[in-house]
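Per chain, numbering begins at 1; letters A, B, ... match sequence-line order. Since this is a predicted model, take the numbers as computed values, not measurements.
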Number of protein chains: 2
Amino acid sequence: MGRRSDALRKGDLREQALLDAAEELLTRTGFERMTVEDIAKGAGISRGSLYFYFGSKHDVLAALVARTMVDIVQDAARAAEDTATPPPQAIERALDHTERMWREHGTVMRAAVEQAAANPAVGRSWDETVEAFAAAMREVLVRAGLPDGDAPTDAGALARTLCWMTERSYYRACAEDGDALDRTTQTLREVWLRVIAAQAH
Amino acid sequence: MGRRSDALRKGDLREQALLDAAEELLTRTGFERMTVEDIAKGAGISRGSLYFYFGSKHDVLAALVARTMVDIVQDAARAAEDTATPPPQAIERALDHTERMWREHGTVMRAAVEQAAANPAVGRSWDETVEAFAAAMREVLVRAGLPDGDAPTDAGALARTLCWMTERSYYRACAEDGDALDRTTQTLREVWLRVIAAQAH
DNA sequence: GAAAAAATTCAGCACCATGTAGACTCTCTG
DNA sequence: CAGAGAGTCTACATGGTGCTGAATTTTTTC
């Protein structure tokens, strides 16, 4: 039998090469305009061969998004460990971290947002990622004194909404120049801080 | 010459019928899955004839979105006229209004969000609409005492960011049941009110 | 190091939706 | 009623996708 013991098969490299090529094309031409043949050619194989690795063009994107999301949540998990930092600093740090993520993985993240509706797998990846951030920020809001509950005005719902605000803002800023990301972080910080500073009414 | 005098040409009705059919299909099958032939058939003409009215499938969506946006901004303009209401009530009213819009035009608005990136015309319509709301809400924030300027932490940027938060939240809630929209409004109100309640730091 | 099994590759086909071309009908106008 | 523009349709060309099945290479096993 041809069972492998070592994990580094030729195909694994090819698979990564395909994802690399897809990422490259994503930045240059966008998802719609890039064709399956382009991706395959970018990795040095024929179009037909690509279908050995991925079932469809959407599968390629789903895998690429998944690969990127792993990076992101790993990175975020490390940062969220220190439960001692006071909320304002925790917010500051989380925003800086998120901004960097958008700077480094902007094209993939943008594609993820845009294809989330049309591509269930991508949608799920993205949702989970944002939800993970929301869970972490919920803790911060609770430490800041917001009501710890599941009502629409409690920490959980507020954190989730603010995280989606953050997502949306960076998504838009990413399409502009690098300064836009900078300004966006300032605006977002102001909103987050105001939310934890205000008294309940 | 065959110049018509009455404004109600046969084609105008057909054009509306096509948009109606497109809207109907949008709710049932989504943009990707719906085909040009489906739209044409829905309006009782052949696929080829549709191209007399619209240059492409994307054009149909752009026209449909434009038609809906006209409704929405007209409605919003009327509501935003009373500059006398105190900020908290103005926010309350704006959110209720927006929620109703998502209830009534949810499918078109969702499609607009999803296709905004792939369809420049749709993207522009949507941007303008949200921007119009942001401009109105900026006034409210100023009346609430936020700094009236163009810096990233002034009323303008805050209003814009909060409007995109609102957009994103309703977009997501719209995919769930009707209660979700209700809860979303409560959460959004809490955020908006907290932002105007907090002191600058 | 040969045979067997698995992994990988590719060319070619079938399909489906899009968009275009050209001919045909309808209706209004002068 | 003739002519022009509006509206309609069938037929075709295009392009990208996904599949299939056979050839080829790599890896494992004995």
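- In this structure, B:S49 reaches the D:dC9 phosphate: one of its side-chain N or O atoms is under 4.0 Å from OP1 or OP2.
- Side chain of B:R14, nearest nucleotide from D:dT8, C:dC10, D:dG18: D:dT8.
- Taking atom CZ of residue A:F54 and atom P of nucleotide D:dC19, one finds them 15 Å apart after rounding to whole Å.
- To the nearest angstrom, P of D:dC9 lies 11 Å from CG of B:L50.
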Would you list the protein and nucleotides 12-16 of chain D atom pairs, both N or O, that sit under 3.5 Å from each other?
none

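- What separates OH of B:Y51 from C1' of C:dG22 is a distance of 17 Å, to the nearest Å.
- Computed from coordinates, the B:E37 CD to D:dC9 C1' distance equals 12 Å when rounded to whole Å.
- Note on B:R138 versus B:D148: salt bridge recorded, some NZ/NE/NH1/NH2 to OD/OE distance being below 4.0 Å.
- Both tests hold for A:K57 against A:F31: distance to the six-membered ring centre under 6.0 Å, angle to the ring axis within 45°.
- Looking only at distances, no side-chain donor or acceptor of A:T161 sits under 3.5 Å from a matching main-chain atom of A:L158.
- The nearest whole Å value for the distance from the CZ atom in A:F52 to the P atom in D:dT17 is 20 Å.
- Remark: A:R14 fails to qualify as a cation-pi partner of A:Y53 under the 6.0 Å distance and 45° angle criteria applied to the six-membered ring.
- Whole-Å rounding puts the B:D38 CG to C:dT18 P distance at 8 Å.
- With no hydrogens or angles considered, no side-chain donor-acceptor pair links B:Q186 and A:T153 at under 3.5 Å.
- Atom CG in B:L13 sits roughly 16 Å away from atom P in D:dA6 (whole-Å rounding).
- What separates CD1 of B:I45 from P of D:dA6 is a distance of 16 Å, to the nearest Å.
- Between the side chain of B:S49 and the main chain of B:I45, no donor-acceptor pair closer than 3.5 Å is present.
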